[in-house]
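Each chain gets a letter, A, B and so on, in the order the sequences are listed, and its residues count up from 1. The analysis underlying the following values was restricted to heavy atoms, covering all of them including side chains, and did not include hydrogens, waters or symmetry mates.
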Amino acid sequence: MPPLVTRFAPSPTGHLHIGGARTALFCWAFAKKSGGRFMLRIEDTDAARSSLESARGIIEDLHWLGIVNDLGPFIKPDGSIGQHDWEPNSGRPPVGEYFQARRVAIYNAYLERLITSGRAYPAFDTNEETEKQRAAAVAAKQTYRYPRPADIEFGQYTPAMQERWKRAQAGERHVVRFAAPNEEIVVHDEVLGDVRYAPGEMDDFVIRKADGFPTYHFAVVIDDETMGVTHVLRAQEHLNNTPRHVALQKALTHPDGTAFRILLYAHMPIICNMDASKMSKRDKAKAARKALKEYESKSKPDKPQMIIDLTRQLMAKAKAEGTDNETASIVTLLPGFLAGDNDNVQVAEALAAHFKIALPEIEVWDFKKNGYLPEAICNFVALLGWNPGLKTPDGKDLEKFDNAFLASHFGLDRIGKTASKFDRNKLLSFNADAINGLSDEEFAKRWRIWCVEFEPVFAARVDANGRWIELAKAVKARAKTLRDGVKASAFVLRDDHAADFDPAAVEKNLKANGNQGLTLLRTVFERLQTVDAASWNAATLHALIEQVGQQDGTGLGPVSQAIRVAIAGAAVSPPLGESLAVLGRGSALKRIETCLSVLST
RNA sequence: GGCCCCGUCGUCUAGCCUGGUCUAGGACACAUCCCUUUCACGGAUGCGACAUGGGUUCGAAUCCCAUCGGGGUCACCA
């Protein structure tokens, strides 16, 4: 019995998309659940857009999510790319290459047999010619289908076909097209059931491009067959591709004459935005253009001048950050981006930084950068189109689980059919729960690692006073993301001599009732000075503040708020004991002193 | 526009296959209250859906049909 094999086959043209993460997760979970293998394959046949860097990034993103492949490329500790292949005793021949661009010889061998069996033929139309026909068809509201040339006979390797092949081999620029069968194609889908496509729906699609690389359809079918893939799990946007793949599987044979298998398919729901459009990288460009539009409608700038200004600012920024190269390309792409001719992500990000707006998180890396935990992302995304259908002991739907649970419970039978909207609120809530489920120590550790990468200034400051645990305790409950944790502790970064205090807070908490707050603040200040550095901890400080409040008869509130304004500059901060402890004796006293002297005059 | 898929609270969904236990359950969001030194956390309560119209049936969220609505896809991208 050959093992069950699923595969995730991204094209390395950018970061891992959140929808791709779900596909990978489901493929992984299905393989684990079934005792099979999960394979990663890199579909880099688009020479212009693929990059090794993207492939590396995608592998890293998957690893970060805890989705580890049994077969295909992985990143070694030394940073180089290695690969897992079928073992000698696995009953399967080794795959060899998992990057499609390195498998061209394999595709060509199958392609040639397709040609000599009359099921594929070289076509010499130029791109412009077919585009023109297509445009004409669209203008006439007709469905465009590539018309099969008159000299092609389905399934016959005629002299005319031989002549075409000879021309192609002689080096004439051409593509190879598949001679599509004129019959009904039924796709058996594990989620959707049988999906029927009427005869004549499929045209003679391209299977090898003019640059010699196979198209997606062809490479996928050859690879899935030759690599031993048994189940194809992918998003529903691929459903309409499937009849092509099935037709190809029916037409292809191995050198020994055996037929290709018809694979088992399971198409899962699309993940879309709250407005029901498909979630895509372009949403970033959309958001950036929207910000720009708002700016334009507000300040009605001269457009050419604005482009010049923007360009200058971006270049200056790049120079300051030492990212000259990247920004040079941004600058050349900017006019096209503004005109809507390209959706370059770097341009979008540069504009977002300029207009101080947040771009929507679309890729796994975006979520990582903004402080989401991988376990929360996996958990949330697993619920988009799948549900365990189990209840918790108190009768609620079971929806909090980890990847190990998925690996033991996932099944195709509980994949839904309806598209799901990506509710960022719910993800945020899942993330907050994941953070709160961490012990203080664990949270401190992971938060610090994140800060070092994404908030280095803050990390260095906290590192300097070594108060991560105290800060983590103070901040954990009010952090829905790791980034929130930094926001909640922003007071740490305040200058001890800063003289700006939120006026409303000053009025309410210090000056009201005849300077009640200031008086209290003076009292605590004196008392705090008696606490030495060794006993400067949250519990001691809290007790002291409580005492002052009691002695004064005003309770805990007024003193607390007075101190809070003094040390944080505003009426909001984490609990006082912790806040003072984190600041340390010197800093805390200095701030109160500053506040007293600024407001007493 | 052609083809394909889908239609339960605003959102994710349970229930649908195997009609009655569904005056449709849970979660997120929202609202109110409680807790509270601020902001949060937490606790309680509330708001809120079977797209519409026909069948079938004693009985339909569940089965059938139609309508309407939404989405996907129509590349020498994957």
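Here, B/A61 and B/U23 have their P atoms 9 Å apart, quoted to the whole Å. Rounded to whole Å, the P atom of B/C65 lies 22 Å from the corresponding atom of B/G70. For the P atoms, the distance from B/G43 to B/G48 is 24 Å, rounded to whole Å. Straight-line distance between the P atoms of B/G15 and B/C22: roughly 15 Å, to the nearest whole Å. Comparing B/C17 with B/U62, their C1' atoms are spaced 9 Å from each other, to the whole Å. A gap of 16 Å separates the P atoms of B/C63 and B/U21, to the nearest Å. Annotation: B/G53 and B/A60 have their C1' atoms spaced 15 Å apart (nearest Å). Comparing the same atom, C1', in B/A40 and in B/A49 gives a spacing of 32 Å after rounding to whole Å.
Contact check, A/T45 against B/A78: a side-chain N or O comes under 4.0 Å of OP1 or OP2. In terms of phosphate contacts, A/K487 brings no side-chain nitrogen or oxygen within less than 4.0 Å of OP1 or OP2 of B/C39. One finds a side-chain N or O of A/R414 lying less than 4.0 angstrom from the OP1 or OP2 phosphate oxygen of B/G15. At B/A75, one or more side-chain N or O atoms of A/R134 fall inside 4.0 Å of OP1 or OP2 (strictly under the cut-off). OP1 and OP2 of B/G26 both lie 4.0 Å or more from every side-chain N or O belonging to A/K400. Proximity of A/R177 to the phosphate of B/C76: a side-chain N or O atom is located under 4.0 Å from OP1 or OP2.
In this structure, A/K508 places its NZ atom where only 12 or fewer heavy-atom neighbours from other residues, nucleotides or ligands lie under 6.0 Å away. The 12-atom threshold is exceeded at CZ of A/R424, counting heavy atoms of other residues, nucleotides or ligands nearer than 6.0 Å.
Pair check for B/C74 finds B/G1; Watson-Crick or G-U wobble, both atom distances under 3.5 Å. B/A24: no Watson-Crick or G-U partner with both key distances under 3.5 Å is found in any strand. Pair check for B/A40 finds none; no Watson-Crick or G-U wobble contact set falls under 3.5 Å. The nucleotide B/U45 finds its pairing partner in B/A31, both defining distances of the Watson-Crick or G-U wobble pair being shorter than 3.5 Å. Base pairing analysis places B/G59 opposite nothing; no Watson-Crick or G-U wobble pair with both distances below 3.5 Å involves it. Using Watson-Crick or G-U wobble geometry with both donor-acceptor distances under 3.5 Å, B/C9 finds no partner in any strand shown. Using the Watson-Crick or G-U wobble rule with both distances under 3.5 Å, B/U67 pairs with B/A51.
Where A/L384 and A/E131 meet RNA chain B, the nucleotide closest to each residue was compared, and A/L384 sits on the side nearer the 5' end. Position along RNA chain B of the nearest nucleotide to A/T13 versus A/L383 favours A/L383 as the more 5'-ward residue.
The closest side-chain heavy-atom distance from A/I270 to A/K421 is not below 4.5 Å. Residues A/Y107 and A/V221 are not in side-chain contact: their nearest non-hydrogen atoms beyond the backbone lie 4.5 Å or more apart. With contacts defined as side-chain heavy-atom distances shorter than 4.5 Å, the pair A/M39/A/M227 qualifies. Within the 4.5 Å cutoff, the side chain of A/P10 has heavy atoms near those of the A/L40 side chain.
Note: CZ (A/F401) to P (B/A27) measures 16 Å, nearest angstrom. The separation between A/E399 atom CD and B/G25 atom C1' is 12 Å, rounded to whole Å. A/H542 places its NE2 atom 8 Å from the P atom of B/U37, with the value rounded to the nearest Å. B/A27 atom P lies 12 Å from atom CG of A/D433, rounded to whole Å. To the nearest angstrom, C1' of B/C77 lies 14 Å from CG of A/D343. Between the CG atom of A/N425 and the P atom of B/C28 there is a distance of 11 Å, rounded to whole Å. Atoms NZ (A/K480) and P (B/A40) sit 10 Å apart, rounded to a whole Å. Between the CD atom of A/E201 and the C1' atom of B/G72 there is a distance of 15 Å, given to the nearest Å.
Across all non-hydrogen atoms, the minimal contact from A/L373 to A/N431 is N-OD1, 2.8 Å.
The glycosidic torsion of B/C39 lies more than 90° away from 0, which places this base in the anti conformation.
Nucleic acid contact class of A/S560 (heavy atoms, under 4.0 Å, all strands): base. Using a 4.0 Å heavy-atom cutoff across all strands shown, A/S420 reaches sugar-phosphate atoms only and no base atom. Residue-level contact check: A/F213 touches neither bases nor backbone, having no heavy atom under 4.0 Å from any strand. Using a 4.0 Å heavy-atom distance criterion, A/P243 is classed as making no nucleic acid contact. Across all strands shown, A/N241 has heavy atoms under 4.0 Å from base atoms, whether or not it also approaches the sugar-phosphate. At a threshold of 4.0 angstrom between heavy atoms, the contacts of A/N379 with the nucleic acid are absent.
You'll find that the side chain of A/L192 is closest to B/C5, out of B/A14, B/G1, B/C5. Ranking B/C76, B/G7, B/A27 by closeness to the A/F430 side chain, first place goes to B/A27. Of the candidates B/C5, B/A14, B/G2, the closest approach to any side-chain atom of A/R145 belongs to B/G2. Of the candidates B/C77, B/A14, B/U37, the closest approach to any side-chain atom of A/L556 belongs to B/U37. Each of B/U11, B/G25, B/U37 was ranked by its minimum atom distance to the side chain of A/K391; first place goes to B/G25. Comparing atom distances between the A/A477 side chain and each of B/A40, B/G72, B/C6 picks out B/A40 as nearest.
Evaluation of atom-type donor-acceptor distances gives no pair under 3.5 Å for the side chain of A/K421 against the base of B/C12. Taking 3.5 Å as the limit, the base of B/C39 and the side chain of A/R478 contain a donor-acceptor pair of atoms between them. For a distance-only test at 3.5 Å, the side chain of A/K426 qualifies as a donor-acceptor partner of the base of B/A27.
Looking only at atom types and distance, the side chain of A/H217 has a donor-acceptor partner in the side chain of A/H245 under 3.5 Å away.
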Query raised in the report: Going through the distances and angles, do A/N370 and A/E361 end up as a side-chain hydrogen bond (donor to acceptor under 3.5 Å, both in side chains)?
Result: CA-CA 8 Å; A/N370 286 343; A/E361 298 117 344; 2.8 Å; yes
Report task. Check the pair A/F491 / A/R564 against side chain to side chain contact (heavy atoms under 4.5 Å, CB included), numbers first and verdict last. Result -> CA-CA 10 Å; A/F491 73 97; A/R564 207 180 306 275; over 6 Å; no
